[in-house]
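One structure is given here, and the rest of the page talks about it.
What you see below is based on every heavy atom in this structure, not just the backbone, and it leaves out hydrogens, waters and symmetry mates. Every chain is numbered from 1 and lettered A, B, ... according to where its sequence line falls, protein lines coming before strand lines.
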Amino acid sequence: MTSDAPVFGKGCHLHLIDGSAFIFRAYHALPPLTRKSDGLPVGAVAGFCNMLWKYVTDEHGSDAPTHAAVIFDHSAKTFRNEIYDLYKANRPELPEDLRPQFPLTRHATRAFNIACIEIEGYEADDIIATLACQARKAGGSATIISSDKDLMQLVGDGVDMLDPIKARLIGPDEVREKFGVGPDRVVDVQALAGDSVDNVPGAPGIGIKTAAQLIEEYGDLETLLARADEIKQPKRRQTLIDHAEQIRVSKRLVQLDCDTPLDFTLESLEVRDPEPEALLGFLAEMEFRTLTARVAERLGAEAPAVEAAPPSHAPAAPDLPGIDAAGYERVSDMAALTAWITAIREAGHVAIDTETTGLDEMQAGIVGISLSVRPGAACYVPVGHVAGSGDLFGSSALVEGQLPLDEVLAALKPVLEDPAILKIGQNLKYDWKILARHGIRMAPLADTMLMSYALNAGTHNHGMDELAERYLGHKCIPIKELIGSGKAQIGFAQVAIDKAVPYAAEDAEVTLRLWQHFAPMLPAEKVTTVYETLERPLVPVLAEMEMAGIRVDGDTLKRMSNAFAQKMAQLEDEIHGLAGEKFNVGSPKQLGEILFDKMGLAGGKTGKTGAYSTSADVLEDLAVEHDLAARVLDWRQVSKLKSTYTDALQGHVNPDTGRVHTSYSIAGAQTGRLASTDPNLQNIPVRSEDGRRIREAFVAAPGYRLVSLDYSQIELRILAHVADIPALKQAFRDGIDIHAMTASQMFGVPVEGMDPMIRRQAKAINFGVIYGISGFGLSRNLRIPRAEAQAFIDTYFERFPEIRAYMDATVAGAKEDGAVRTLFGRRINTPGINQSGPAAGGARRAAINAPIQGAAADIIRRAMIRMPAAIAHLPARMLLQVHDELVFEVEEGAVEDLIAAARRVMEAAAEPAVRLSVPLVVDAGSGANWAEAH
DNA sequence: TTGTTCACG
DNA sequence: GACGTACGTGAACAAA
């Protein structure tokens with residue numbers, strides 16, 4: 001406490017600056033600047049400093065402060081969340097380039113020599129309220145520099161507000177203008193009207209106007225609620241009676257707390273002049289050239305040099321020290337780890353990577369954790385390295401000089417879960433799941449793989465080694481140098497620690513550098529929204545789905561496998577008999593020789609290898625006359641079902657959970673679709689009756705049901721919207737059979753009583769259009785002459801000319817920009833579009849298809865991201881995604897509620913970003929297993 | 001490791 | 001006039 005400062009009292013004037021509001025305004029008002037030397041995002045800091053500088057150089061007239069402070073929100077969770085858990089729950093996640101700037105704005109405030117205040121568990125508004133009350137009580141006055149309406153309840157009796165944008169003073173009259181009541185009744189009005197921004201519920205259907213009128217009439221909120229039955233309007237009366245409790249909760253939410261515990265006095269906030277050295281030092285460190293010069297001039301000090309450096313997105317930033325794997329630190333004791341944690345808090349971000357005993361996140365153990373806070377500063381914390389693989393039983397004695405895993409995790413947990421510290425990773429879903437199994441749920445996240453995907457989909461893949469080489473000009477240590485390959489491969493736990501340190505720490509540093517490299521490119525390439533709304537938020541959602549897994553009945557699979565084995569043996573005998581010799585039915589080469597050389601059937605060779613094609617297409621033609629081909633087709637189907645599904649799936653059942661846990665790759669497909677691996681649960685059979693039965697093995701836990709919801713015709717609906725095809729849009733609005741409508745338009749036949757063959761042809765054309773149709777492709781698909789197929793297509797384009805226009809425009813755009821975009825802004829690069837020759841056709845079709853397939857992928861991503869909050873109140877979990885289908889597991893009694901909630905989310909998933917001109921329709925089903933639910 | 005085949009949307 | 005052709009995936013197996 002400062003004992004020498006004069007006592008705060010009459011004649012003293014306190015300025016309370018709403019720091020968080022300053023930051024957000026600065027962030028949104030300025031382009032995303034980055035520090036030249038290393039790419040650190042500093043746009044909000046720059047704006048914040050400019051605003052503070054403007055503030056301190058302002059004369060303030062008669063309002064000049066004797067005391068001042070900048071007040072910040074400490075973290076997202078406050079005591080209000082205990083009153084109402086959904087308070088501020090609908091706030092969009094912070095842009096990731098803003099979060100690391102928070103600590104810098106605190107530094108900036110101190111550099112300006114202004115008191116910097118934040119208190120855990122309290123909002124800035126409560127601290128401001130407390131200070132304003134204390135100033136008033138002490139006989140002084142206060143001005144709150146903010147335009148936040150929530151602070152207006154404090155106005156009056158020596159307290160006023162200053163709107164820093166409009167430079168307008170807000171007194172009791174202005175508050176009355178805004179709320180229709182005086183400052184002392186503002187909370188009553190807010191409690192009734194609610195606030196959608198902060199998610200304060202209020203009374204449904206009552207806005208500020210009505211609320212003010214009611215409060216004016218009845219005096220205050222409690223009187224109003226007590227006398228609610230006197231209200232004349234029946235609906236309004238009922239609303240107040242029904243929601244009385246909710247309104248009281250709302251009042252507690254909006255009522256600011258004037259009793260925030262403070263560990264400082266008003267006196268300590270006395271205005272001080274900035275110290276030139278500290279302020280200029282900070283500004284120069286941030287590399288704010290103009291502001292540094294301006295401040296230096298005003299303060300009569302010499303401006304420190306602001307280092308000039310080339311922009312950070314040049315490949316292999318030459319101003320940075322090279323990546324030096326030899327210089328990394330091995331962390332072996334708590335003191336060293338604590339020092340790193342301090343450095344992380346200081347930086348506001350950390351790049352993290354975990355090394356594990358295996359690649360299956362559901363089973364792998366942690367071997368070590370690497371961290372990096374800036375280029376040149378990275379470490380590796382080994383925790384699970386074991387002595388060499390010398391003895392036969394795989395000695396598992398831990399190597400000396402490692403911290404215990406639980407101590408390391410306990411120390412890191414507060415940092416990894418701190419909402420003010422950004423966790424940066426490459427494919428963070430992996431590390432997220434590993435840490436989640438140890439009770440740590442990392443947030444917030446930045447993922448360099450996803451940044452690259454948003455920027456570079458279609459151009460190259462997004463693995464770290466490739467990104468490091470392309471964008472940092474750095475070749476990473478290959479993992480093979482540590483663990484070997486093939487039969488002699490060892491686990492990471494067996495790698496010597498002194499070899500693991502450079503490898504692991506390098507991964508963290510490379511990730512950090514990639515983040516710095518990509519961060520400014522997202523806004524420059526206009527993919528920030530894609531990254532922020534479709535990529536980054538999906539990580540924890542998918543991680544939870546994958547950890548949930550789906551129950552698979554191993555016994556059922558085993559029975560099926562046995563039945564399939566029998567059938568295969570039987571078919572094999574038949575095939576050998578028909579061929580007149582024994583051969584490997586699974587060998588296309590041997591089969592081709594039997595069919596085309598020995599039996600002399602008609603059939604061609606394929607290009608590269610010169611081998612005969614024996615694909616289903618070819619065999620189906622032969623099967624008309626030759627039983628051998630028909631039997632081989634049967635054998636292949638059974639063999640596929642057995643080897644890929646009934647056999648393989650049994651091996652994927654996790655012994656701990658009894659469930660199958662797939663892994664989704666977010667950045668695998670070019671179009672924005674997910675891909676499922678280990679095992680692939682997006683291609684479980686459904687089209688054939690035998691195959692479909694495999695879905696009976698995917699079951700709900702006892703007491704639960706599986707629920708499947710899928711979008712009906714989503715790609716055609718998107719086509720109708722983006723290509724703006726009136727006939728198609730109207731058909732979707734009317735809810736009529738789209739393929740029958742197409743057939744009717746093309747062939748002039750009525751929808752009623754239509755020949756199923758005609759409808760089937762129209763359906764094939766509708767799909768073909770999405771894929772970039774050709775006469776050849778359609779003729780093969782429908783098994784009709786090519787001329788006939790071409791005639792269909794011509795008719796189709798005549799009836800729906802907008803489709804050709806759309807295709808031409810899409811291809812032209814791809815040639816112009818080297819990329820196409822979905823409705824939601826996802827960019828898919830089309831590097832091959834200007835090729836000539838046979839490849840050109842493929843690139844053209846891919847460019848036509850990508851915006852449609854991609855938009856559908858965007859829509860279901862949006863639904864998935866919103867889903868956890870939308871079903872949080874139900875005993876249900878989202879388990880699987882199959883491109884246009886979501887599968888849930890839900891308690892028996894809640895099936896209908898789940899379907900209603902999930903359908904609502906899915907059907908509205910495009911909004912508000914895109915207002916589709918066709919409805920999205922979702923079909924739903926439920927059952928004890930996936931076959932029943934689908 | 002590469003190519004073929006086939007499961008899905 | 002010829003060239004090749006539906007779009008997007010992953011896994012298993014044979015063959016090199």
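Taking every heavy atom of both residues into account, A/M560 and A/R693 meet most closely at CE-O, 3.0 Å. Taking each heavy atom of A/S926 and A/V707 in turn, the nearest pair found is CB-CG2, 3.8 Å.
Using a 4.0 Å heavy-atom distance criterion, A/I773 is classed as a base contact. Among the heavy atoms of the strands lying under 4.0 Å from A/V686 are primed sugar atoms or P, OP1, OP2 only; no base atom is included.
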Report summary line: B/S/- along nucleotides 9-16 of chain C (protein heavy atoms under 4.0 Å) is SBBSSSSS

Query raised in the report: Hey, mind stepping through A/E546 and A/K433 against salt bridge (charged side-chain N to carboxylate O under 4.0 Å, His left out) and telling me if it holds?
Result: CA-CA 9 Å; A/E546 294 169 14; A/K433 287 168 74 180; 2.5 Å; yes

Requested in this report: Report the C-alpha separation of A/I803 and A/L719 in whole Å, then their side-chain angles, then the decisive distance to 0.1 Å, and conclude whether the side-chain contact (heavy atoms from CB on, under 4.5 Å) test is met.
Outcome: CA-CA 8 Å; A/I803 290 185; A/L719 175 69; 4.2 Å; yes

Query - Working for side-chain contact (heavy atoms from CB on, under 4.5 Å), residues A/L674 and A/M864 - result: CA-CA 12 Å; A/L674 302 179; A/M864 293 170 73; 4.3 Å; yes

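The CG atom of A/D634 sits 12 Å away from the P atom of B/dC6 (whole-angstrom rounding). Rounded to whole angstrom, the span from the CG atom of A/L880 across to the C1' atom of B/dG9 amounts to 14 Å. Remark: C1' of B/dC8 and CD of A/E715 are 13 Å apart, rounded to the nearest angstrom. At whole-Å resolution of the value, CD in A/E593 and C1' in B/dT4 are 15 Å apart. Atom CG of A/L716 is separated from atom C1' of C/dA6 by 14 Å (rounded to the nearest Å). To the nearest angstrom, C1' of C/dT5 lies 13 Å from CE of A/M807.
The phosphate of B/dG9 has OP1 or OP2 within less than 4.0 Å of a side-chain N or O from A/R687. Between A/R780 and C/dT5, a side-chain N or O to OP1/OP2 separation shorter than 4.0 Å is absent.
A distance of about 31 Å separates the P atoms of C/dA2 and B/dC6, rounded to the whole Å. C/dT5 sits 15 Å from B/dG3 when the P atoms are compared, rounded to a whole Å. Rounded to whole Å, the P atom of C/dA6 lies 13 Å from the corresponding atom of B/dT5.
Contacts between residues 842-857 of chain A and DNA chain C, defined by a heavy-atom separation under 4.0 Å, are made by A/R845, A/A846, A/N849, A/Q853.
Side chains of A/I848 and A/R844 form a contact here, defined as non-hydrogen atoms less than 4.5 Å apart. Considering only heavy atoms from C-beta on, A/R760 comes within 4.5 Å of A/L782 through its side chain.
Ring centroid separation for the pair A/F792 and A/F797 does not come in under the 6.0 Å cut-off.
By the 30° and 60° cut-offs, the orientation of the rings of A/F698 relative to A/W930 is perpendicular.
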Query raised in the report: Given pairs defined as Watson-Crick or G-U wobble with both distances under 3.5 Å, what dot-bracket annotation applies to DNA chain C, with ( ) intrastrand, [ ] crossing, | other strand and . unpaired?
Result: ......|||||||||.

